[in-house]
Structures are given as C-alpha cells and as structure tokens.
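Everything on this sheet refers to the single structure shown next.
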Amino acid sequence: MDVSVENDRAPPGEAAGLLRHLNPEQLAAVTLPAGNALILAGAGSGKTRVLTTRIAWLVQTGQVSPAGVMAVTFTNKAAKEMLTRLSTLLPVNPRGMWIGTFHGLCNRFLRAHWKLAGLPQGFQILDAQDSVSAVKRIVKAMKLDEERYIPKQCAWFIAGAKEDGLRPQHIEVRDELTRTQQAIYQAYEDQCQREGVVDFAELMLRTYELMRDHAELRQHYQRRFRHILVDEFQDTNRLQYAWLKMFAGTDNNVLAVGDDDQSIYAFRGARVGNMADFEREFHVQQVVKLERNYRSFGNILDSANALIAHNSRRLGKNLRTEAGPGEPVRVFEATSDFAEAQWFLDEARQLQRDGSPRSEIAVLYRSNAQSRVIESALFNAGVPYRVYGGLRFFERAEIKHALAYLRLIENPNDDTSFLRVVNFPTRGIGTRTMELLQDAARSSGRSLWQSVGAIAGKGGSNLGAFTALVDAMRDATRGLTLREIIEHVVQSSGLADFYRNEKEGAERLENLDELVNAAEAFVTQEGFGKDAVALPVDEQAGRIAERLPAAVALVDTQPDAETGEIMSPLAAFLTHAALEAGDNQAQAGQDAVQLMTVHAAKGLEFDQVFITGLEEGLFPHENAAADLDGLEEERRLMYVAITRARKRLYLSFSQTRMLHGQTRYNLKSRFFDELPEAALKWLTPKLQGFGSGYARDYQAAWQRGTGLGSMVGAGRVVPASAPAAFEAQARSTPNGLRSGQGVFHTKFGEGVIVTLEGIGADARAQVNFGRHGMKWLALSVAKLTPVD
DNA sequence: ATAACATTCCAGCGT
DNA sequence: GGAATGTTAT
C-alpha cells in the first residue's frame, strides 16, 4: 500500500507550484539546504504552512521518502492539522511518515518494541488522574502522612524527575523528605511495572532509554528518519531534547520551529534554553526569522510587540504587518465579574448583528474557574457557546468507569481500574474487604485480581462474583465488534441500570451512549489499527528491514494469524482514549461562541478576541508574579492571548470578582501599563477608575435583568446571587472608607480595600496592593487617601 | 455496607 | 460554588 519513492518523484514544475505562495522568508525556510536549522516563527507568520510545505517539497524533490520523515508536535490537534494539510499538498499517503505528538510517537514505538521495553503487549496508559491515584495508593500502603506527602505533589515530583531523565536511583537524597520521595518514586515505578501500565512521562523516558541502550535499534531508526521536524520547539523539556538527539544522531537533518516569545509551559518543565542549546549543539548554520504577520491588524500587533518588549532574555523578533492599523484595542473596566460577563454578552450580540459568526468570537481567560460567570450570562441569554478545556470527555467519571471495565478485560492486573469499579455500582464490597485484599496483594507482590483467591474464605464471595463478572464479560465479548463490546459492558456491568435510577443520571447515560459513538468513529477512521502498528507494515513493504542486523527483532509483535491485527481494536481504542482526552462538549458543527483558557488558545485565531479578567493576581497570576521568570512567562501568555486576534481585540478587567466563594477586590493588571496608549481605546474612563459611570450602568442593567435568570431544561443551575458582592462593596464605615474603595498609600501605591474591621483606634483595613501584595493596616497609623 | 449528611479544601496551564 | 473527603445514622 505504501507507494515507493520513485513513483512519487514529482516533475520540477510541480515542486515549484508548491512554493508559489510563499514570501521570501518562508521560501528560504522551506527550501533550506540539508543540515540542521532553526526557524524563529512569530505568531501568525505561517509556521504550519512552512512546516508542511517543507515536508512536501523534500518529498517531491526526491530528497527523502515519506518513510524517512518524522514530524513531532505537542498537541493532537496540531498533528492532525499537519496531516490534513499534507494530504492536500502531496499525492502520497502521508501514513508512511511518522507524524504525531511526542507521546503518540513514543506509544507507537513502544507498541512495536514492547518486549524489548519490558512491557506487556497490552500495556495501558495512565492519565494524570490515574497517576495521582496510583501514587495515593503507594502513600497509603507505605503508611505515610498524606498531609506531608500530598499525592498530587508526589506525582508532580515523579513526573518532573522523569522529564529530567532521572530514575529513582538518580534522585539526590539530601534529607528525609527527598529520601521518602525517592522511596515513593521507587514504589510507584515497581507498582506500574507490576500492573503493566505507564504514565505520560514514562512513554517518553522508556523510549529514550531503549534507544540509548540498544545500538542496533538506534542505528535502525537513525538510518530511517533522515528528516526530523519539531513544532513548538520552545516547549520541549530536557527529556524531549535528549530524545530528539537520540533519533537525530549525527547524520540527519533536524528542523526546529519555535517562538521563544510563546513559551508558556516552563511550569511543567519546558526549557526555552533548548533553542539556544540546539543552535549550538546541532551546529545550526541557518536561523530563519519569520516576522511577517498575516493574521492581525497593526494596533493589535503594536500592542503585542510593546508588551513583549518588557521581557528580558529574548532572542529578538518583532512582528509586522501590511494590513494597516485597523480598529483600536478596546478596554473595559467592570464593577464586577458579573458586569464584565454582561458587557461581553452585549458586545458579542452587537458583533453578531454586524455579521460576525459566533465561532469567530472568542473569550479567553487565565484560569478555567473564570468560565462559569461567562457561561451563565451566555446560557441565560440563550447564546450557543462552547467551552474548551475543563472536564474532557474521557475524563468524565462515568466514562472512566466504563473504560475501567474495558481495561480489566484487556488486563486484569490493572489495579487502578480494579479499584475504580470493584464496588461500582455497589456490590457489597466494603473497605474492610478491600483492606484484606490489598494486604494480601502487597505481601505476595501480586495484583489485586490475582489475590482474590487468597482471601476467598474471608467474606470474599462478593469479590469472586466481581472477577467472575469481568471474566464473563471477556468471554461474552470475544469476537464482537468494538461497538458491541462497549454496549455489552455498559449493560452487564450494571452502569446503565445504575445511572437510569440516578436523579442526575440522564446526562451520564447520554455520555455513555456517546462513548459508543466515539468507538464507532474510531473504528471507521481509516486504518486505525495500522496507525498503532505502522512500523511492521513499513517493514513488510520496505527496504530497510533487509539492512537490519538479525540480532535485533525490529518488531516484537506477530500479527494475529486470522485478522492480521497486531493490536485488538479494544486495546487500540483504550490507548486512543488515554492519549487523546477528547473534546469536552460534542456540540460540534453548531455555530457557537468559543470559551477557553489562554493556554488552550495557543495556535488558534479568531476575528474577535476578548481577554477577560486582566487583574493583578489573576493575570498575571499571583502564584507566578513573585519571581521574574514567572512574571515573564505570564507576559508571554498575555502575548499569546493578544496575537490570537485578527480584527478586533477587547481587554477587560473587573473591580470585584468571586473567588473561592468570596468577593475579592483586584487592581487592574500591570500589563495595561505596558501597552501603547495610542493603540487603545478606553470604553470606560481611564484612571477615574473605581465606580465609573459606564460600568455602573452595566451593573444597574444587570441587576434589573437578574432574578429572572431561570435556566431552561435539565442541567446546571446558575446562581442568581450576584448583587451580594455589591452590598459588601457599598457598605460604608464611619471614617468614610468602604470596602472596594480605591486608595493610595505613600509606600505601597495604589490599592483596593478588601476588608474593614474594628472601630476608632482599633480600626484596621486589609488592602490589596496588587504587586505589593495584601496588607493589613491600622487606620490610625496608615495614611490612606481615597482615589476616586 | 451504605446512604445521607457535614466538612474541608480547592480553583494554574496538558500529553 | 463544587468536588472530595470524613462522619454519622440506618
């Protein structure tokens, strides 16, 4: 099925056609001569186009066969987009190439070499949740204090260690804390190995180690992938960089595309420094800068450029456009998060009336919790919207339950899945029984499943029934289609009945139906099985295998004699579910307003973009604003947000906001001071700040309209208790100060009163001074001047 | 063993 | 304002 290179070698004319629409810099990047190269690609400069055209050009000019290409991305979306675009550029089936996310490619690699990697053939992948609960079990089993060794933090520590390429024995033990962390890491690793599961970081590390330790394997892959292209290079971590070196060897060509100004993942180990290291260690001769922006108008770009100029340690890049200044950047100050949402709603409606599709209107925010207020406003107004992020489809509880049964069918030793559903729906297996079982498993070093027999006499009859149930599922589903398997499991597990009787179960039942649909879609997706095992297919057709030393079995797996499948559809689907958490809402196709975090917006663009919640403590986030590195990453995040907009950009902030269930008073973000005044248009009077007229009107309008906020249909309930925030704000004290008031302090500068306490000489105020933090001040001493 | 209730903690981004 | 835990009553 793979087409040989010779047949695809295009006439020169066709290759030239590929290049027709490129600007000079893009053209230079696409047609770079052999060698390693770095492309500094600014936002909206046609980065994906350059990457895909480069691949197509290399193939069409006969410089590489499709099988010799590896292209790595971070997100599934980016990988998919690359595949789609390539298929329009090339007459070749791009399946011969390795195109995917780092983790997806590692999965592919480990599926082919599972034996060599010391994994069971049907190894399963733990997502972040699973990983935390696995650590939790360890901490419990080791009888450690869960307050001190917080499972989430331990999981974070382990992932961090792996991303630095460190195994437990490499952890530097300095004190009791690190000693215990090391022990937890070791126990976690043993447990994963026993259960035949790997977490995300393990996919990367195991692949890296396998390449490092097996010369023949390494040579094979280094001979195969002549051209390696890496997208979003600024987001790579230490391990990914080492991994890349391992695949690249010394003779191959690596094209790294990145933008240091869009590095927003340092918090999870990304090293922008990899770009400089790459330039040095890979002897990069050519650095191409793409600075021509085809996305945004001038005012938007001016804002982005001015903002990011406040960062130090940049590689240096300035976006420019020939599109003219366009609309000014509009700035709005709201009195509350509710008012902010209401204002957005009004603007969005106006934009719609002016002819914009809803899907071209995006609301961006720093953290997921902020979506709720905006959702309420849209929901009450009946405006369709779509939220990205938050709870993803495969992360929903009911879906994870169903997947757990399916995983047990594939691999009964998966203790995480066992624990998830052993008593769900409830079948009379309580904590006492489970403790017995876990003790038995621990002392014998076997899985929970294997230990069921050991405690058979001690009230374990229900346990026996459970394993019998799963065994029966396995028997009953043998030979069925994936769809039938899932339908059967949802029924026979009792999940369907359970949710049918639940009050709020209707939506969960729908999701379970949706799971069946997802499976169906997965199966019909062309060549799903091949995707997981493309390597053997390549080998069968290819020439490369002949050159391989016999010592290394390139592929551990023999295809099923009957079906030719190397992986069962079920196993493949479970892998898919773990690696692609999926979208959270399946309202695909409908024209809807887009809601997402700034992180999720990276790589996307919209005609109209609203960046909301631009307040000190929120954006920049208080956990990041403390040190320079953190602050600079926040600024890059803001840069990413701004550069999403094509035509119009709106920035908004609010004086008050509900957070942790209570009202917080925030100052406007320092980023406003870093934007060019000439590009901005304040919709509310600037500097007059607190309680300005426009904002009040919106507030009043909101209060009039509320209370009617009845929700239609089943689903979430939207609180109608917004005005509470304003009562608190309006409450005055005898000395003339009130909470929510803007004040000036000679030392700390501008701030907002958060709380007032005490009377007379005892009167104290808690004031939020933004970047100077929250202070308690004695009013008899501190000189606070009202600023509005 | 389980359901109903009370309490605590959290809300920072993702493969 | 919600999930996830801990506690109590059946």
Side-chain angles (χ1 to χ4, degrees), chain A residues 72-79 100-107 125-133 136 146-147 150-152 156 159 162-163 198-204 232 235-237 239-240 263-270 337 364-373 375-376 388-392 394-395 397 423-434 459 462 502 575-582 584 596-602 613 617-625 630 633-634 636-637 640-641 657-664 716-719 721-722 724:
Chain A
V72 202
T73 65
F74 274 87
T75 64
N76 294 301
K77 196 161 56 183
T101 63
F102 275 104
H103 296 89
L105 294 184
C106 288
N107 176 55
I125 297 165
L126 297 184
D127 66 19
Q129 282 177 32
D130 296 336
S131 183
V132 171
S133 61
K136 196 175 204 167
E146 273 185 70
E147 305 277 295
I150 299 160
K152 205 171 165 186
W156 185 264
K162 290 187 182 183
E163 279 160 9
V198 295
D199 60 31
F200 287 131
E202 187 68 29
L203 286 170
M204 291 283 328
E232 308 277 18
D235 288 336
T236 51
N237 60 34
L239 178 56
Q240 283 157 340
S263 157
I264 55 175
Y265 285 108
F267 74 94
R268 58 164 203 211
D337 47 352
L364 310 186
Y365 34 80
R366 176 65 231 275
S367 57
N368 273 313
Q370 287 166 251
S371 74
R372 234 196 80 257
V373 200
E375 279 187 69
S376 308
Y388 289 80
L391 196 57
R392 323 270 271 303
F394 287 115
E395 289 167 1
N423 198 35
F424 193 94
T426 51
R427 43 177 75 90
I429 299 167
T431 37
R432 186 82 203 99
T433 312
M434 284 315 294
N462 289 337
E502 273 288 278
T575 297
H576 165 81
L579 283 176
E580 298 192 41
N584 57 332
M596 67 193 81
T597 63
V598 181
H599 282 92
K602 188 165 160 205
L618 213 64
F619 201 176
H621 196 274
E622 53 198 348
N623 296 354
E633 179 144 318
E634 293 292 302
R636 291 192 293 269
L637 202 48
V640 168
R657 185 173 295 278
M658 290 292 279
L659 212 72
H660 293 90
Q662 57 185 5
T663 309
R664 289 229 332 213
R716 291 164 279 200
V717 179
V718 178
S721 58

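Just so you know, these numbers use all the heavy atoms, side chains as well, and skip hydrogens, waters and symmetry mates. Numbers restart at 1 for each chain; the letters A, B, ... are given by sequence-line order, proteins then strands.
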Round to the nearest Å and state the distance from [X] atom [atom1] to [N] atom [atom2].
X	N	atom1	atom2	result
A:L364	B:dG12	CG	P	17 Å
A:I264	B:dG14	CD1	C1'	11 Å
A:N368	C:dA3	CG	C1'	15 Å
A:I150	C:dA4	CD1	C1'	15 Å
A:E146	B:dT8	CD	C1'	14 Å
A:W156	B:dG14	CH2	C1'	9 Å
A:H576	B:dT15	NE2	P	13 Å
A:E633	B:dG14	CD	P	13 Å

- Query: Stacking between A:F267 and the base of B:dC13 (centre distance under 5.5 Å, interplanar angle under 30°)?
  - Reply: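 By the stated criterion, A:F267 and B:dC13 stack.
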
- Distance, P atom - from B:dC13 to C:dA4, rounded to whole angstrom: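 My reading of the P atoms in C:dA4 and B:dC13 gives 15 Å.
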
- Query: In this structure, which one of A:F619, A:Y265, A:F74 forms a ring-ring contact (aromatic ring centres under 6.0 Å, His included) with A:H599?
  - Reply: A:Y265

Of the listed nucleotides [options], the one nearest the side chain of [X]:
X	options	result
A:R268	B:dT15, B:dG14, B:dG12	B:dG14
A:T431	B:dT15, B:dA1, B:dC13	B:dA1
A:H103	B:dC13, B:dA11, B:dT15	B:dT15
A:R392	B:dT15, B:dC13, B:dG12	B:dT15
A:S367	B:dG14, B:dA1, B:dG12	B:dG12

With respect to the phosphate group of [N], does any side-chain polar atom (N or O) of [X] fall under 4.0 Å of OP1 or OP2?
X	N	answer
A:H599	B:dG14	no
A:N423	B:dT2	yes
A:T433	B:dA1	yes
A:K136	C:dT5	yes
A:K162	B:dT15	no

- Message: I'd like to know if A:E146 and A:K152 make a salt bridge, using a cut-off of under 4.0 Å between side-chain N and carboxylate O.
- Response: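 No salt bridge links A:E146 with A:K152.
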
- A:D235/A:K602 salt bridge by N-O under 4.0 Å criterion: yes

- Query: Got A:M204 and A:E163 here, is their nearest side-chain heavy-atom distance under 4.5 Å?
  - Reply: no

- Item | Side-chain touch A:F394/A:D127, heavy atoms, less than 4.5 angstrom |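 No, side chains not in contact.
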
Within the 4.0 Å heavy-atom criterion, would you say [X] contacts the bases, only the backbone, or no part of the nucleic acid?
X	result
A:F74	sugar-phosphate
A:E634	base
A:A128	base
A:K152	sugar-phosphate

- For the student: nearest non-hydrogen atoms of A:L579 and A:I125, plus distance: CG-CD1, 3.9 Å

